[in-house]
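Note that the coordinates shown come from a computational prediction; the quantities given were computed from them, not determined experimentally. Naming convention: chains lettered A, B, ... in sequence-line order (proteins, then strands); numbering from 1 in each chain.
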Amino acid sequence: MPSLFGGITKPSWAPISLKCQYNPLKTTINNPMASPKWTQKTVTLPPQRRGCHLVTSKIMKEIGQEISGFKCGLAHLFLQHTSASLTINENYDSDVRDDTETFLSRVVPEGSSAPWKHTLEGPDDMPAHIKSSMFGCTLTIPITDGKLNMGTWQGIWLCEHRDSATPRRIVITLNGM
Amino acid sequence: MPSLFGGITKPSWAPISLKCQYNPLKTTINNPMASPKWTQKTVTLPPQRRGCHLVTSKIMKEIGQEISGFKCGLAHLFLQHTSASLTINENYDSDVRDDTETFLSRVVPEGSSAPWKHTLEGPDDMPAHIKSSMFGCTLTIPITDGKLNMGTWQGIWLCEHRDSATPRRIVITLNGM
Amino acid sequence: MPSLFGGITKPSWAPISLKCQYNPLKTTINNPMASPKWTQKTVTLPPQRRGCHLVTSKIMKEIGQEISGFKCGLAHLFLQHTSASLTINENYDSDVRDDTETFLSRVVPEGSSAPWKHTLEGPDDMPAHIKSSMFGCTLTIPITDGKLNMGTWQGIWLCEHRDSATPRRIVITLNGM
C-alpha cells in the first residue's frame with residue numbers, strides 16, 4: 001500500500017507493516033453460564049442518488065450500542081431490495097465510490113442498445129437487478145470486543161442502482177456472546 | 001418503484017411508501033432459560049436447464065417447518081458446486097431471470113473466441129466457474145417470527161451455469177432461538 | 001460433470017451420480033445441556049502474487065483443530081482488505097484459477113484506457129477495489145461433524161488483485177455446538 005493517497009499521507013495508524021504472519025488473537029467462549037444473545041432490528045436508510053454510498057456511520061448509529069454488548073459474534077446485514085446492493089470497500093476516498101459506479105454503468109448495458117426484455121419499470125431497472133446480484137444484498141461482519149472488526153480501510157457501502165431514490169430497508173441481526 | 005410491472009399493477013401489499021425511516025421492530029432475546037437451536041439439512045434440487053431459476057418455494061417446502069420454530073435467527077444456504085450459484089433477486093417477472101442469464105452469457109466469453117486454458121470439460125465449463133464466483137454459492141437470510149424475512153419482491157434463485165443439467169445440493173443451516 | 005478433467009479421470013469418490021433428490025441427512029441440536037461455542041482467530045496469509053490462489057489447506061492448518069470440536073455450525077471468514085477477495089471455486093485444476101484471473105483483468109479496465117479518477121495508488125489499485133466487491137471479502141461455510149462441509153470440488157480461494165504482494169488478514173469466526 002503506497003504511502004500517498006490522493007496526495008495525502010495516510011494516517012499513521014494504517015497497518016502498513018505487519019509484524020507476524022500469524023496473529024495470536026484468539027477468543028474462545030465456551031462458558032456454560034453464558035447465554036447466547038440475538039438482537040434483530042430493521043433499519044431504513046433515507047433515499048440516496050444512484051451510486052455507491054459509505055453508510056458505516058449511519059449503520060453504527062443504529063446498532064453501535066447493541067454491538068458494544070457482544071464480546072464475540074457476528075453482525076448480519078440483509079438489504080430487502082433487488083435493485084440496490086450492500087458491499088464492503090474503501091472508506092477513505094470518494095473517488096473509489098464514483099469509479100465503482102462508473103464500472104457498474106459500463107459493464108451492464110443500459111438504454112437503447114441493451115438486450116433486456118424487462119423494460120417496463122424503466123431503462124435503469126433491469127441493470128439494477130443485475131448489479132444487485134453482482135455485489136449482493138447481504139453482508140456478515142465479525143464482532144470483536146464490542147466493535148465491528150473490519151480492516152482499517154474498510155467501510156460498508158450501500159449501492160443504489162436506480163435513478164430515482166427510495167428508502168432502503170436493512171434487517172440487521174446480531175448474534176454472539 | 002413504478003406501479004406498473006409488465007402491465008400489471010403490483011399487489012397492494014407492496015411497501016410502496018414507508019412511514020418512517022427507522023422501523024421500531026427490534027427483537028432481543030437474551031433469556032438464560034432459552035437454548036440455541038441448530039438444524040442442518042442437505043437438500044438436493046432436481047436438474048434444471050442453464051439459466052436462473054426461482055427456487056424459494058422448493059427451499060421452503062424442505063425447511064419451512066423447521067424455520068417456523070425460530071423466533072429470531074439466520075438461515076444459511078450453501079451450494080456445494082462450482083458451476084452454479086445462489087443469489088437473491090426479483091421474484092415476480094420471469095423476464096428478469098432471462099435477462100440476467102443474457103447478461104451472464106455476454107459478460108463471460110464462451111466458445112472459440114474465449115481465452116480459456118481450461119476447456120476439456122466443455123466450452124461452458126470455465127464460464128460457469130467464473131459466474132459461480134460472480135454471484136457466489138452462499139446466502140444468509142434473516143429469520144423473524146418463524147419466517148424468512150426477505151423483502152416483498154425478493155426470492156431465492158438457483159443459477160445453473162452448465163448446459164447439461166445435473167442435480168444441485170444445498171446444505172442449509174438454521175441457527176437461532 | 002464429464003469424467004475427463006484435464007485428461008485425467010476424476011477420482012472415484014466424486015459424487016457423479018446422486019441416488020436421491022432429497023438427502024436425509026439432518027441434524028438438529030436442541031439440547032438444554034449443550035452450550036454454544038464461539039471461537040475467533042485472526043489469521044494472516046503470506047504475500048502472494050496477483051491472481052487466484054487455493055488456500056484451503058492454509059486455512060485448515062490454522063483452524064482445523066478448532067473446527068473438529070463442532071458437531072454442527074458455521075465457519076465465517078472475513079478478509080480485512082479492499083483490494084483482494086475471498087471466493088469458493090474449483091480445487092483441482094490450476095488453469096481454472098489462471099482463467100479467472102484472465103477474466104477479471106479483462107472485465108475491469110486497467111491502464112491508460114481506464115476511466116478511473118482514483119489513480120494515485122497505481123493503475124492496478126482501482127481495478128482491485130472493483131474486483132474485491134465483485135467476488136466479496138466474506139464467506140460462510142457450514143461445519144458438519146467436525147469438518148467444513150464443502151462439495152467435493154470446492155476450495156477456498158484468496159484472490160490477490162494488487163500487483164505488489166502484501167500479507168492478507170482474515171478474521172475467522174466459528175460458531176456452533
Side-chain angles (χ1 to χ4, degrees), chain A residues 1-2 4-7 15 18 20-36 52 71-74 85 87-91 93-100 102-104 106-107 134-136 139-144 149-155 157 159 175-177, chain C residues 33-47 61-63 66 69 74 76-83 107-109 114-122 125-140 162 164 166-175 177:
Chain A
M1 186 178 286
L4 286 178
F5 189 102
L18 292 164
C20 59
Q21 292 191 348
Y22 169 64
N23 184 316
L25 168 65
K26 181 181 161 183
T27 309
T28 300
I29 299 179
N30 187 8
N31 179 356
M33 299 302 290
S35 66
C52 302
K71 171 100 183 125
C72 175
L74 293 170
S85 55
T87 192
I88 287 176
N89 216 311
E90 227 269 359
N91 63 14
D93 182 5
S94 64
D95 283 351
V96 176
R97 301 192 286 279
D98 292 345
D99 287 345
T100 302
T102 298
F103 168 74
L104 290 170
R106 285 191 168 211
V107 79
M134 285 180 71
F135 279 11
L139 288 176
T140 308
I141 304 172
I143 302 172
T144 309
N149 193 356
M150 293 194 285
T152 304
W153 305 109
Q154 288 182 310
W157 290 12
C159 302
N175 175 27
M177 296 182 83
Chain C
M33 299 301 289
S35 66
K37 277 187 292 188
W38 285 88
T39 299
Q40 200 170 69
K41 190 174 180 175
T42 301
V43 169
T44 302
L45 296 184
K61 190 178 166 189
E62 298 284 356
I63 62 168
E66 284 90 346
L74 292 170
H76 177 255
L77 284 69
F78 185 84
L79 183 68
Q80 289 187 310
H81 304 273
T82 61
S83 54
V107 80
V108 184
W116 318 132
K117 296 194 286 181
H118 176 79
T119 56
L120 272 168
E121 294 198 73
D125 188 62
M126 189 57 226
H129 289 306
I130 292 168
K131 293 164 192 172
S132 180
S133 279
M134 286 180 71
F135 279 11
C137 68
T138 171
L139 289 176
T140 307
R162 296 302 308 266
S164 58
T166 51
R168 296 300 193 177
R169 290 163 58 98
I170 301 174
V171 179
I172 302 178
T173 305
L174 308 181
N175 175 27
M177 295 181 85

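- Judged by distance alone, with hydrogens and angles left aside, the side-chain atoms of Gln80(C) form no donor-acceptor pair with the main-chain N or O of Cys137(C) at under 3.5 Å.
- Residue contact with chain A, scored on non-hydrogen atoms closer than 4.5 Å, involves the side chain of Met126(C) exclusively.
- Residue Leu139(C): no heavy atom, backbone or side chain, is found under 4.5 Å from chain A.
- Contact count versus chain C (heavy atoms, under 4.5 Å) is highest, among Val107(A), Leu74(A), Thr100(A), Ile88(A), for Leu74(A).
- Listed for the Ser132(C) side chain is no donor-acceptor partner under 3.5 Å among the backbone atoms of Ala128(C).
- Both the backbone and the side chain of Ser133(C) come within contact range of chain A, each with at least one heavy atom under 4.5 Å from a heavy atom of that chain.
- If you tally non-hydrogen atom pairs under 4.5 Å between each of Cys159(A), Ser94(A), Gly151(A), Gly136(A) and chain C, the highest count goes to Gly151(A).
- For Thr140(A), the side-chain hydrogen bond (donor to acceptor under 3.5 Å, both in side chains) criterion is met by no residue, not counting sequence neighbours.
- Lys117(C) meets the salt bridge (Lys or Arg N to Asp or Glu O under 4.0 Å) test with Asp95(A), Asp98(A); sequence neighbours excluded.
- For Ile143(A), the part lying near chain C is the backbone, with the side chain staying farther off; criterion is any non-hydrogen pair under 4.5 Å.
- Heavy-atom distances place no part of Asn91(A) under 4.5 Å from chain C, backbone and side chain included.
- Of the possible polar contacts, none joining the Glu62(C) side chain to the Thr44(C) backbone as a donor-acceptor pair under 3.5 Å is found.
- Contact of the Gln40(C) side chain with the Thr144(A) side chain is registered, since non-hydrogen atoms from C-beta on lie closer than 4.5 Å.
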